[in-house]
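Data first, discussion second: the structure below is written as structure tokens.
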Amino acid sequence: MVFSSLLFVFLFLALNLVSQAALRGARQKNIAMLLFSLVFFSWAGPRYVVLLLLDTALCWFFAICIEREPQRKKLHLSLCVALVLLVLGIFKYTGFLMGNLQSLFGWPEVIPQIVLPIGISFYTFQLISYVVDVYRGEVRAQKKYWILLLYASLFHQCIAGPIVRYRDVAQDLAKRQVHAEEVSRGISRFTVGLAKKAVLANSVAVLADRWLPMTTEGLAKIPTAGLWLGGLCYMLQIYLDFSAYSDMAIGMGLMCGFHYKENFNYPYIASSVTDFWRRWHISLSTFFRDYVYIPLGGNRRGKGRQLLNLFIVWGLTGLWHGASWNYVLWGLYFFLFLVIEKFLLGEKQQRIPAVLRHLFLLIIVYFCWVIFRFRDAAALGMAHTSFANPNGLDAEGHYSTARDMAALAAAAMDDPTFRRLCSSRCVTIGSRTMENHNRLLRQVEGCVGLKTGYTKAAGRTLVSCAERNGCRLIVVTLRDGDDWADHAALYEYGFRLTAPRMAVQRVLERMCRATAAVWNGAIRQEGGGA
């Protein structure tokens with residue numbers, strides 16, 4: 001159930017607010033709020049509420065054990081955190097882990113598809129913070145299981161935060177009062193968040209999806225200027241989305257007597273990466289600071305240990321956002337710039353004009369969201385190339401983006417040889433020199449992970465072949481170099497290859513003749529080894 005949906009606003013939230021206004025006393029209000037929260041969690045599938053009940057039960061039990069047996073509190077804390085993280089790992093990272101094992105070792109053959117339960121990342125971190133705070137003596141263990149369950153399941157912030165700490169709402173859970181002034185502020189804050197999401201975020205999301213598509217096929221059709229515009233739209237969308245949900249959560253909390261801390265503080269006006277993360281998703285950054293970075297030693301054990309701690313924290317920060325390598329890369333991207341700020345620039349940053357520092361930060365953030373958007377490595381590589389190559393040309397003056405290959409392929413479809421090659425799912429690339437031949441192989445292997453199957457010399461022709469998922473790749477070099485153009489390709493899977501800046505038809509005609517000869521001769525002499 002999405003906060004900006006009509007069902008949520010005009011039915012679910014309305015009924016919840018009516019119940020909170022009609023009931024008297026914190027106990028009755030809490031029971032009603034718990035019921036509404038469990039209904040919200042069970043909307044996508046009632047069976048996943050069991051995980052919430054289980055995680056809460058574990059943390060409730062171990063927190064009481066920590067308080068009752070202080071001499072064994074470290075053991076209780078370790079067991080609790082390990083079990084809760086195990087549940088999170090099974091449901092969020094099993095597919096990711098098995099996918100990597102399959103890529104490396106070919107096992108397992110089938111990767112189980114596990115549905116990620118709603119809010120599991122947020123309520124897991126909230127419960128961990130509660131148990132750790134009990135361990136530190138900062139809060140008392142909650143003896144009533146259902147109160148702790150209400151804390152973990154509050155539907156206001158389970159979709160996109162903020163991550164609420166128990167000590168911040170303990171008083172509200174025990175004895176809260178709803179004042180007319182706070183209800184008014186809550187309605188205003190929720191309305192602002194709703195408009196930010198439904199009007200602004202959703203609108204720029206349409207533009208981001210149009211100009212910065214997440215597939216190689218889509219990227220191939222977008223001009224470079226469009227990609228830059230799409231990146232800007234996505235940069236706005238992701239801020240508007242996250243901050244809108246936080247605004248709505250804070251507003252709903254105020255309407256019901258809960259006081260959640262701010263989660264965003266105009267992050268795009270920051271002047272450094274450090275400042276950015278003091279303003280962006282504040283509850284997440286402070287969680288990793290207080291419960292991971294400082295317990296690891298922070299900056300108290302020398303620069304080497306501080307570097308390691310920062311690396312761990314930002315790797316985990318990226319992994320928390322999703323089970324994909326691009327999120328890990330996104331986290332380590334920020335790690336790199338934080339290291340530059342803390343260890344290389346230091347106080348020198350302040351000598352740089354504020355305007356330049358701000359512009360530099362915006363550039364860093366802009367490309368961080370490009371990394372964040374693309375889970376597919378080939379699409380990320382293609383987007384990076386297109387951003388970095390505004391003219392679409394390589395160093396030798398050849399077209400180098402997949403959309404240029406699409407133009408060649410469109411013209412090639414009228415040729416019977418190309419139609420036959422297309423039906424056999426064969427991609428053929430021509431090269432004039434051995435240097436280009438090897439460079440093309442490296443490009444293809446780096447872009448889509450194809451490995452060369454074999455290389456064969458047939459007369460004056462050198463042929464290299466590879467195969468992946470039934471798609472053959474053939475790189476052909478005519479050694480005398482004066483029979484046909486440097487590079488040409490049949491566009492099929494978004495390969496980022498090069499094509500000549502010359503008449504398309506002449507390239508295609510020559511390539512077809514050479515390809516047919518090689519295909520019917522040298523390749524088949526090997527028994528179809530490609």
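Just so you know, these numbers use all the heavy atoms, side chains as well, and skip hydrogens, waters and symmetry mates.
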After noting the C-alpha distance and the side-chain angles of Phe287 and Phe125, does the key distance pass the ring-ring contact (aromatic ring centres under 6.0 Å, His included) rule?
CA-CA 8 Å; Phe287 177 92; Phe125 272 27; 4.2 Å; yes
Residues 25-44 vs side chain to side chain donor-acceptor pair (under 3.5 Å), sequence neighbours excluded, gives Asn30-Arg176
**Q.** Residue pair Tyr166 / Gln142, side-chain donor-acceptor N/O under 3.5 Å
**A.** yes
Do Ser121 and Lys92 pair up side chain to side chain, a donor and an acceptor below 3.5 Å, judged on atom types alone? yes
- Might you work through the side chain to side chain donor-acceptor pair (under 3.5 Å) test for Trp325 and Asn100, ending with a clear yes or no? CA-CA 10 Å; Trp325 283 113; Asn100 283 287; 2.6 Å; yes
- Task: Would you check if the distance from the ring center of Trp228 to the ring center of Phe367 is below 6.0 Å?
- Result: yes
Return yes if a side-chain donor-acceptor contact under 3.5 Å exists between Glu182 and His259, otherwise no.
-> yes
task = Please state whether the rings of Phe334 and Trp330 are parallel, tilted or perpendicular, taking 30° and 60° as the class boundaries.
result = perpendicular
Hey, does Asn263 have a side-chain heavy atom less than 4.5 Å from the side chain of Tyr245?
no
Ring center gap for Phe155 and Phe12 short of 6.0 angstrom = yes
Any side-chain donor paired with an acceptor under 3.5 Å for Asn326 and Tyr333? no
Next item on the list: Using atom types as modelled and distance alone, determine if a side-chain donor or acceptor of Glu341 lies under 3.5 Å from a backbone N or O of Thr274.
Entry: yes
| task | Mind telling me whether Trp369 and Trp280 have parallel, tilted or perpendicular rings, with 30° and 60° as the class edges? | result | tilted
- Message: Is the ring pair Trp320/His281 parallel, tilted or perpendicular, if the boundaries are 30 and 60 degrees?
- Response: perpendicular
Exercise. Any donor and acceptor pair, going by atom type alone, linking the side chain of Arg357 with main-chain N or O of Ile352 inside 3.5 Å?
Worked result: yes
Subject >> side chain to side chain donor-acceptor pair (under 3.5 Å) between Asp172 and Tyr260, worked out >> reply: CA-CA 10 Å; Asp172 294 334; Tyr260 305 137; over 6 Å; no
- Please confirm whether the backbone N or O of Val204 pairs with a side-chain atom of Gln237, one donor and one acceptor, at under 3.5 Å? no
